[in-house]
Structure formats: structure tokens, C-alpha cells
Amino acid sequence: MQNFSQKLIDWQRQHGRHTLPWQNTRDPYAIWISEIMLQQTQVSAVIPYYQRFMTRFPTIAALAGAHEDEVLQHWSGLGYYSRARNLHEAARRMVTLHQGTFPQNFEDIQALPGIGRSTAAAIASFAFGQRQAILDGNVKRVFARVFGISGWPGQPAIEKQMWVLAESLLPTEDIERYTQGLMDLGATLCTRTKPDCLRCPMQDDCVALRESLTTELPSPKPRKALSEKETVMLVIMDGEDILLEKRPSSGIWGGLWSLPEAAIGEDYAAIIKSRFGLEAELGQTWAPLTHTFTHFRLEITPQPLCVIGRPASQPSGTLWLSLDDAIEAAIPTPVRTLLTRKL
DNA sequence: AAAACGGGGCC
DNA sequence: GGCCCAGTTTT
């Protein structure tokens with residue numbers, strides 16, 4: 001679709017971003033610094049860092065000659081500090097391997113630490129006008145929607161297909177504007193949520209828009225199969241009352257009141273004797289219930305126990321409540337489910 | 001709390 | 001070449 005590139009170029013000319021601090025230069029060093037800062041970091045956060053960094057380290061030589069500490073200081077607050085270390089190391093390699101200049105050969109650019117295929121292509125395109133394809137998260141989203149490509153774009157087969165597509169779409173001229181347009185479209189209109197399709201230059205061509213799939217595409221990363229865990233919850237009863245235990249404030253169900261837990265096959269009577277000082281008699285286990293979290297499935301087997309002679313005092317962090325009150329308390333959903341079943 | 005993200009590292 | 005991770009922000 002040759003249409004795509006020309007429409008994108010025209011759109012970027014009229015509606016794209018043109019005044020960012022790293023635009024309107026062909027200095028590969030300046031473009032490189034900006035591209036690295038823009039990895040996983042928003043434009044608004046990058047701007048002040050970019051300006052301070054470029055003032056202190058205006059050239060490859062300035063960066064290569066600096067102490068790593070000072071480079072990191074100028075990065076402080078941007079996060080992903082390996083980017084800064086790679087930047088420093090790459091500048092030093094330019095000095096030793098490339099006579100202190102920024103390499104123009106595409107493979108040489110990509111061989112520098114911290115520069116992968118997409119970042120190398122962005123630099124080669126903006127600084128040297130080379131016809132190289134970028135493919136970052138924004139571009140993958142645009143492609144998935146416009147061309148109706150389903151499947152998670154991180155999947156090797158899909159990603160490979162997208163690289164082929166990205167290369168096939170490259171225009172023969174205006175590569176810089178095209179590359180910028182791809183970035184601008186993904187960043188400003190074809191956003192992850194609530195894309196602004198009414199303003200999009202691709203609205204007549206976009207498969208996702210035509211088929212109402214903009215929320216489905218790009219396909220999300222497949223969830224890995226849920227691991228299975230199992231636990232026993234002790235339903236310690238004294239007449240109408242049951243014993244709740246406060247969970248630690250961190251971790252699952254942090255701070256909620258819950259049923260005491262035990263591992264399968266343990267001696268439950270012995271456990272409550274040692275943990276709570278209670279004598280109790282085992283009942284028949286209740287029907288298990290399964291609770292699904294995002295990352296695992298938990299099978300809960302409720303084990304009822306009837307206490308024999310409840311002491312006046314109760315251990316700290318525990319609470320006797322009537323079944324009715326317990327259900328109203330701050331308890332985990334599956335605990336509420338299993339108590340409700342018993343009402 | 002979970003997903004998303006580009007590059008690096010490991011087989 | 002394929003798979004997974006580290007580290008951080010966004011939803």
C-alpha cells in the first residue's frame with residue numbers, strides 16, 4: 001500500500017510534531033541522545049533532561065571524556081540507568097573505533113551498546129536520510145490496527161511479518177518525515193486506549209476501524225498458563241462464631257481478616273492447638289472452591305473444626321465473629337463465598 | 001495490580 | 001534465532 005506512506009508523509013507535514021528540541025538537526029549525536037532518552041520515556045519527561053544533557057555533553061568527545069558518575073548524575077531521575085551507561089560506553093567506542101565520529105554504516109550503528117535495530121534505523125533515517133525501517137511499540141500498534149494484523153506483536157512470527165511490512169512500506173523519498181510521521185501517529189492519535197480515529201489520516205484504510213477492532217488490536221500478550229496452588233482454610237467454629245485471623249499487611253489479601261491457612265495433609269488440630277491454644281475436633285471437609293487470580297489458580301479446601309471449651313482470652317491478631325458479622329467484615333472474596341455458602 | 005516497553009543476554 | 005529478563009510508567 002503505497003498510499004499509506006504518502007498519506008502519512010502529508011499528515012506529518014500538516015499535523016505532526018516539528019518543534020521538539022531534537023528536531024530540525026541532522027547531528028547524529030543529538031538525535032542519538034534523544035532516541036535513547038525517548039526509549040520507554042515520554043517526551044514531556046525527556047525535554048528538560050535532554051537540554052541539560054546536551055549543554056553539559058554537547059559532543060561525542062565531551063561524553064566520551066566524562067566520568068561515568070557525572071553522566072549518571074545527568075541521568076538521575078530518568079530511570080533505566082543502563083541506558084546512560086551504554087551511552088557513555090558507546091561514545092567511548094566511537095572514539096576508539098570510529099575516529100570520534102558517529103558511524104554512518106547501519107550495521108556499525110546497531111553494533112553500539114544500547115542501540116538495537118529500531119533505534120539504529122531511527123538515527124540512520126533522521127541523521128543520514130537512510131531508508132531504514134523502525135518498529136517500536138507505537139509502530140506495531142499502528143500496523144496491527146491499520147492492516148488488521150492479529151496476534152501478539154511480540155511473538156517472533158508476527159514481529160518478523162511486521163519488519164517485512166515496515167520495509168515494504170518505506171517511501172523512496174522523505175524518509176525522515178515518514179519516520180517521524182509513524183512515531184507521531186502512534187504517539188498522538190493511534191494511542192493504546194481511545195485512539196482519535198476521526199483525525200487519523202488512515203481512517204479510510206484502517207482495517208481495525210472498519211471492523212470495530214481498535215480495542216482488540218494489537219492483540220495482548222498471551223497470558224501464561226495459570227499455575228495451580230492449593231491450600232486448606234481452617235473454619236474454626238464455636239457455636240455460631242468463627243475465628244478470623246488478620247493477614248500480614250503485605251502480600252496477598254494484605255491486612256484483610258481471613259481464615260487461618262494450612263498446607264494439605266497437615267495435622268490441623270495440632271496446628272490450632274499450637275497457634276491459637278485451642279482444642280478442637282475435626283469435621284468433614286467442605287466442598288473445595290477455586291479462586292482465580294491473574295497469575296495463578298488457588299484451590300481452597302475448607303476444613304471445619306469445632307472447638308472444645310473456648311478460653312476467655314484470644315491470641316492477638318485473631319477475632320471471633322458470628323458468621324453474619326464475619327461476612328460483613330473486610331475478608332477476601334473466596335472466604336466470603338465459602339462462608340456465604342454456609343449460611 | 002498488571003501490562004507495556006527496547007535492548008541485552010543466554011541457549 | 002528464539003526466549004526471557006530488568007526496570008519503570010501507565011492504565
Side-chain angles (χ1 to χ4, degrees), chain A residues 22 31-49 72 75-91 93 106-126 132-145 149-164 166 179 182-183 185-188 190-196 214-227 247-256 291-298 332-334:
Chain A
W22 44 85
I31 292 163
W32 169 48
I33 301 299
S34 74
E35 287 300 327
I36 300 301
M37 286 188 171
L38 288 165
Q39 287 169 0
Q40 286 127 318
T41 311
Q42 294 191 332
V43 166
S44 58
V46 163
I47 289 174
Y49 281 90
L72 290 170
W75 204 266
S76 172
L78 259 190
Y80 300 102
Y81 293 89
S82 63
R83 293 185 297 176
R85 278 187 286 270
N86 283 150
L87 224 40
H88 189 222
E89 172 60 23
R93 286 194 202 176
F106 187 67
E107 281 72 37
D108 291 343
I109 299 173
Q110 224 192 135
L112 293 165
I115 303 182
R117 180 171 173 184
S118 189
T119 302
I123 298 168
S125 147
F126 291 139
Q132 298 285 356
I134 60 165
L135 187 64
D136 63 12
N138 282 344
V139 178
K140 286 174 179 173
R141 186 171 55 247
V142 170
F143 285 176
R145 287 180 177 157
I149 300 170
S150 60
W152 177 52
Q155 184 186 318
I158 305 285
E159 188 167 331
K160 200 168 163 182
Q161 178 192 350
M162 286 195 175
W163 274 114
V164 172
T179 303
L182 223 33
M183 294 178 167
L185 188 62
T188 64
C190 196
T191 48
R192 184 140 66 97
T193 56
K194 293 204 260 166
D196 195 349
T214 52
T215 53
E216 330 302 321
L217 296 176
S219 311
K221 179 181 180 148
R223 299 291 198 82
K224 35 186 152 171
L226 296 183
S227 58
R247 299 188 58 94
S249 55
S250 67
I252 190 167
W253 301 323
L256 298 188
H291 186 72
T292 305
F293 293 90
T294 42
H295 44 307
F296 64 95
R297 205 188 300 278
L298 182 65
T333 303

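Within every chain, numbering begins at 1; the chains are lettered A, B, ... in the order of the sequence lines, protein sequences first and strands thereafter. Please read all numbers here as calculations on a predicted model, not as lab measurements.
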Taking all heavy atoms of A/Ser118 and all of A/Asp136, pick out the closest pair and write down the distance. OG-N, 3.7 Å
Which pairs, with at least one residue in residues 152-162 of chain A and sequence neighbours excluded, count as a salt bridge (Lys or Arg N to Asp or Glu O under 4.0 Å)? A/Lys140-A/Glu159
In whole angstroms, how far is the P atom of B/dA4 from the CZ atom of A/Arg141? 11 Å
Below 3.5 Å, can you tabulate the donor-acceptor pairs from side chains in residues 149-157 of chain A to any protein atom, sequence neighbours excluded?
none

Between P on C/dC5 and CZ on A/Arg83, what's the gap in Å once rounded to a whole number? 21 Å
Output all residues satisfying salt bridge (charged side-chain N to carboxylate O under 4.0 Å, His left out) with A/Arg83, sequence neighbours left out; order by chain, then residue number. none
Under a 4.5 Å cut-off applied to non-hydrogen side-chain atoms, are A/Thr179 and A/Phe126 in contact? yes
For A/Arg117, which residues count as a salt bridge (charged side-chain N to carboxylate O under 4.0 Å, His left out) partner, sequence neighbours excluded? A/Glu167
A/Glu159 CD - C/dG2 P separation (whole Å): 10 Å
With 3.5 Å as the limit, what N/O pairs link the protein to nucleotides 8-11 of chain B?
residue	atom	partner	partner atom	Å
B/dG8	OP1	A/Gly114	N	2.0

With sequence neighbours left out, what residues match A/Asp108 under side chain to side chain donor-acceptor pair (under 3.5 Å)? none
Take atom CG of A/Leu38 and atom P of B/dG7, then tell me their distance rounded to the nearest Å. 12 Å
For atom CE of A/Met37 and atom P of C/dT8, their distance in whole Å: 15 Å
Between P on B/dA4 and NZ on A/Lys221, what's the gap in Å once rounded to a whole number? 8 Å
If you assign A/Lys160 and A/Gly79 each to the DNA chain C nucleotide with the nearest heavy atom, which residue ends up on the more 5' nucleotide? A/Lys160
Residue list, side chain to side chain contact (heavy atoms under 4.5 Å, CB included) with A/Ala187, at least two apart or on another chain: A/Arg17, A/Asn138
So which protein N/O to nucleotides 9-11 of chain C N/O distances come out below 3.5 Å?
residue	atom	partner	partner atom	Å
C/dT10	OP1	A/Gln42	OE1	3.1

Can you measure A/Ile158 atom CD1 to C/dG2 atom P for me and round it to whole angstrom units? 13 Å
Could you state the atom-to-atom distance from CD of A/Gln155 to P of B/dA4 in whole Å? 14 Å
Output every pair passing salt bridge (Lys or Arg N to Asp or Glu O under 4.0 Å) with a member in residues 33-46 of chain A, not counting sequence neighbours, ordered by first then second residue. none
